[in-house]
There are 2 protein chains.
Amino acid sequence: MPDTQDRRELIVAASAELFARKGIRSTTVREIADAAGILSGSLYHHFASKDDIVQEILLGFLDALTSRYAAVLDAGMDPAQALRALVLTSLQLAKERPDATALYQNELRYLRESQLFKEVEAGAVQVQRVWLDVIERGVAAGDFRADIDPRLFHRLIRDAVWLSGRGRRGDGGYSAEQLADAISAIFLDGYATHA
Amino acid sequence: MPDTQDRRELIVAASAELFARKGIRSTTVREIADAAGILSGSLYHHFASKDDIVQEILLGFLDALTSRYAAVLDAGMDPAQALRALVLTSLQLAKERPDATALYQNELRYLRESQLFKEVEAGAVQVQRVWLDVIERGVAAGDFRADIDPRLFHRLIRDAVWLSGRGRRGDGGYSAEQLADAISAIFLDGYATHA
DNA sequence: GTCTATATTGAGATAGAC
DNA sequence: GTCTATCTCAATATAGAC
């Protein structure tokens, strides 16, 4: 069998896939162990609890997300360009890590119930701050509408990004770029033609 | 104690509130019984299973939704007006029945796992059909953009409607009308100012 | 129609041998 | 580092008295 580091990674990867497909609650430690090629008791040599695995997945995801957002902000774009870049960056990460993305999007309630939320809250707040800053900068510059609450707009575009990036079925095999273009076009310019 | 009909209604209402707040899986039959003022064993005089309660909630919700959508279609509006009306109608129902709305929006995975999905699938498909027909009619009429897949647009606006209608916290106490105006404005005309 | 009491199942986690 | 065996708890559901 592989060394410790590999086995740990294997457990994390298998867990992420199961959590994303079946939900955290419906995934048992026995299923995780099966997928990792060991028995359930042996999991506890690597992790103190099932929630510890969840935490490792989510912190890794938020870490990647915040560092990519920082790179976007450093590029010094105007608000509309920055918004497009945030959409694209998010969708690219969603394609690379569909399982962690699904957890971040679907398991908020589980996180709250399991007291795990406070462990990832800082990262989530930081992510929200980035979006809101870009949006508010656009409103201040007159590039975005002043008659709609920036927080409301943020919630709408955030949900559109993460839900459409879920991967799996229904998204018709769009690339991250295609999805980003469509979402940016709708949210900035609208779906009506204004002929 | 009240007669049978009242007790049944009480169980359904209490269940809906608990399911929406804590999730179906995390809500125990004991909690439901507590909220209804009886003991858990007595629940099974009214319902054959916990899932039977879920089914009653969801079918009632889908019933209300499809009948209201039918009324919208009967009004004979142009595509953009019809889309606005669907948004408003949906948000109004979401305000009236926040708990059932939350189930419809959040518990899809539970429904699939519990075999309950096939019981509500027909209604869900009907609902989707209404949205898609309006959208495709708008594209055909040249009112909506032809460069974006109607199914993608449907998914985005559907998620925006149901997620923003969740009620509870975060939506800053907007009325259904205010939310519908904002969502329609963004999705049809865009958030950019085009000065 | 509701109660008491309990059957049954499945889950996360632990102890200690190897 | 993994296995075997098991503890403990909580959940849905049932049986039968009242």
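Chain identifiers are assigned alphabetically (A, B, ...) following the order of the sequence lines, protein sequences preceding nucleic acid strands; residue numbering begins at 1 within each chain. Just so you know, these numbers come straight off a predicted model, no measurement behind them.
The CG-P distance, from D34(A) to dT2(D), rounds to 14 Å in whole Å. L43(A) has its CG atom 12 Å from the P atom of dT14(C), to the nearest Å. For the pair H45(B) NE2 and dG1(C) C1', the interatomic distance rounds to 5 Å; values are reported in whole Å. For the pair E113(A) CD and dA11(C) P, the interatomic distance rounds to 17 Å; values are reported in whole Å. Rounded to whole Å, atom P of dA11(C) lies 13 Å from atom OH of Y110(A).
Distance alone, capped at 3.5 Å, is enough to place a donor-acceptor pair between the E31(B) side chain and the T28(B) backbone.
A donor-acceptor contact under 3.5 angstrom links the side chains of H194(B) and D189(A), judged on distance only. There is no side-chain donor-acceptor pair under 3.5 Å between D52(B) and Y44(B).
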Next item on the list: Determine, for nucleotides 4-18 of chain D in 5'-to-3' order, which nucleotides have protein heavy atoms under 4.0 Å from the base (write B), from only the sugar-phosphate (write S), or from neither (write -).
Entry: B-B----BBBB----

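Here the two rings, on F187(B) and Y191(A), have centers that are 6.0 Å apart or farther.
OP1 or OP2 of dT2(C) lies within a sub-4.0 Å distance of a side-chain N or O belonging to R7(B). Distances shorter than 4.0 Å separate some side-chain N or O of H46(A) from OP1 or OP2 on dT2(D).
The shortest side-chain heavy-atom distance between L83(A) and S184(A) does not fall under the 4.5 Å cut-off.
Of the candidates V72(A), V161(A), I157(A), V161(A) is the only one forming a side-chain contact (heavy atoms from CB on, under 4.5 Å) with S90(A).
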